[in-house]
Amino acid sequence: MLYAKEALCRFGGEIRTKKFSMYSANEMSVEVERKFLCSADTLKTLEEIGACVGQRQFHDQYFDTPKFGLTLRDMWLRKRKGCWELKCPTTVDGSEETSGEKSKAAALCTRYKEITNLPEIQLRVKEVIKDVCEDSVASASQEEEESWLSKMNLVCFAEFTTERRSFTLEEGGVQIDLDQADFGYHVGEIEVLVPDGGDVQSALEKIERTAQKLGLTGDQRVEGKMNVYLRRKHPEHYAKLLREHVL
Ligand code: V4E
């Protein structure tokens, strides 16, 4: 298996579990992911050809400025199980666009840089949010954590709980997650983690092979949990993200 989903995360003197990849030495990797709608047939196939590697529940809190300075730049700051993660857009590698077939597979996928190192997250956030107090630096305690959020004017705009079942196939390096969110949406994800600057093309090919094994035929991108959450709970912001081509 390419990566484990759970590791130990030290935060404010406390040890908690976090998602990580084998590329987490620099705490930066690229997540390439294709979402899919999981029908009864897909589930049956997955249970036949895959191995269930775990079931867990987590609560996500997403943060942004009141004017949505992060998400309008396609940056997603989240706290999950006590650990911070920032997902940022990554540039497309030109070598991927060599054939129509390849770019069709790529169009069904998203790719985001995942940053899990808190000082690095704070730096990135600071770069895009201008009205920040100068002394907002890395913090360790719970109290200081609250203070960096308020110094950067960050508030929680979305939170929900997900029940996740994870599967792997014989071909290594691919994880399939089936997510059920507490606001009544379920979605599947085929996911490959690549070291930053690594081979995204081979990740896309792995995802395409996995989709074929599962019998997925859709040629449209499937909505993620956040899309559905925002459409229901923050329709104005959702419309703005659509207009700005973020979602
Ligand atoms: C990147 C992003 C968001 C952050 C949540 O990302 P996602 O991978 O959907 O969540 P989840 O819970 O599966 O995280 P994981 O456990 O895999 O790390 S919210 C919106 N986006 C952008 C986005 C997009 N533009 N299009 C699609 C289909 N998904 C996400």
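Note that ligands are numbered from 1 as they come in the structure, with each ligand's atoms numbered from 1 the same way. Computed from heavy atoms alone, side chains included, the values below leave out hydrogens, waters and symmetry copies.
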Checking the N or O distance criterion of under 3.5 Å, is ligand 1 in contact with Leu247? no
Quick one: which ligand 1 atoms are inside 4.0 Å of a heavy atom on Glu114? 18 (O)
For Val222, the ligand 1 atoms whose distance to one of its heavy atoms is below 4.0 Å: 28 (C)
Which of the numbered atoms in ligand 1 are under 4.0 angstrom from any heavy atom belonging to Val246? 25 (N)
Is there a polar contact between ligand 1 and Lys35, counting only N or O atoms under 3.5 Å apart? yes
So Leu214 and Leu46, side-chain contact (heavy atoms from CB on, under 4.5 Å) or not? Walk me through it. CA-CA 6 Å; Leu214 292 178; Leu46 181 56; 3.9 Å; yes
Does the pair Lys44/Glu48 count as a salt bridge with the N-to-O cut at 4.0 Å? yes
Going by salt bridge (charged side-chain N to carboxylate O under 4.0 Å, His left out), name the pairs with one or both residues in residues 211-234, residues two or more places apart or in two chains. Glu171-Lys213, Asp179-Lys225, Glu189-Lys225, Glu223-Arg231
Distance-minimising heavy-atom pair for Cys156 and Gln61: SG-CB, 4.0 Å
Quick check on contacts: which atoms of ligand 1 are under 4.0 angstrom from a heavy atom of Arg164? 11 (P), 12 (O), 13 (O), 15 (P), 16 (O), 17 (O)
Mode of Lys225 contact toward ligand 1 - side chain, backbone, both, neither (heavy atoms, under 4.0 Å): side chain
Tell me whether ligand 1 is touched by Arg78 - counting only heavy atoms on the residue side and a distance under 4.0 Å. yes
Under 3.5 Å between some N or O of ligand 1 and some N or O of Glu33? yes
Regarding Lys206 and Glu208, does a basic nitrogen lie under 4.0 Å from an acidic carboxylate oxygen? no
Any N/O of Thr110 closer than 3.5 Å to an N/O of ligand 1? no
Would Glu244 and Lys240 pass as an ion pair if we require N to O under 4.0 Å? no
Glu189: numbered ligand 1 atoms lying under 4.0 Å from its heavy atoms: 11 (P), 13 (O), 17 (O)
Please could you name the atoms of ligand 1 that Glu191 approaches to less than 4.0 Å, counting only its heavy atoms? 17 (O)
Of the listed options Tyr229, Phe160, Trp76, Tyr62, closest to atom 2 (C) of ligand 1 (non-hydrogen atoms): Trp76
If you measure from atom 15 (P) of ligand 1 to every heavy atom of Lys87, Glu85, Gln175, His245, which option wins on shortest distance? Lys87
Members besides Phe58 in its Ile/Leu/Val/Met/Phe/Trp/Tyr cluster (side-chain heavy atoms under 4.5 Å): none
For the side chain of Thr65 and the backbone of Gly69, is there at least one donor-acceptor N/O pair under 3.5 Å apart? yes
Does any N or O of ligand 1 fall below 3.5 Å from an N or O anywhere on Arg80, backbone included? yes
Does atom NE2 of His186 have more than 12 heavy-atom neighbours from other groups under 6.0 Å away? no
Please lay out, stage by stage, how Lys87 and Lys113 fare under the test side-chain contact (heavy atoms from CB on, under 4.5 Å). CA-CA 5 Å; Lys87 297 201 190 208; Lys113 210 173 264 192; over 6 Å; no
Report the part of Asp177 (side chain from C-beta onward, or backbone N, CA, C, O) that has a heavy atom under 4.0 Å from ligand 1; answer both or neither where that applies. neither
With a cut-off of 4.0 Å, which atoms of ligand 1 are near a heavy atom of Met226? 19 (S)
Shortest non-hydrogen contact between Leu154 and Trp148, atoms and distance: CD1-CZ3, 3.7 Å
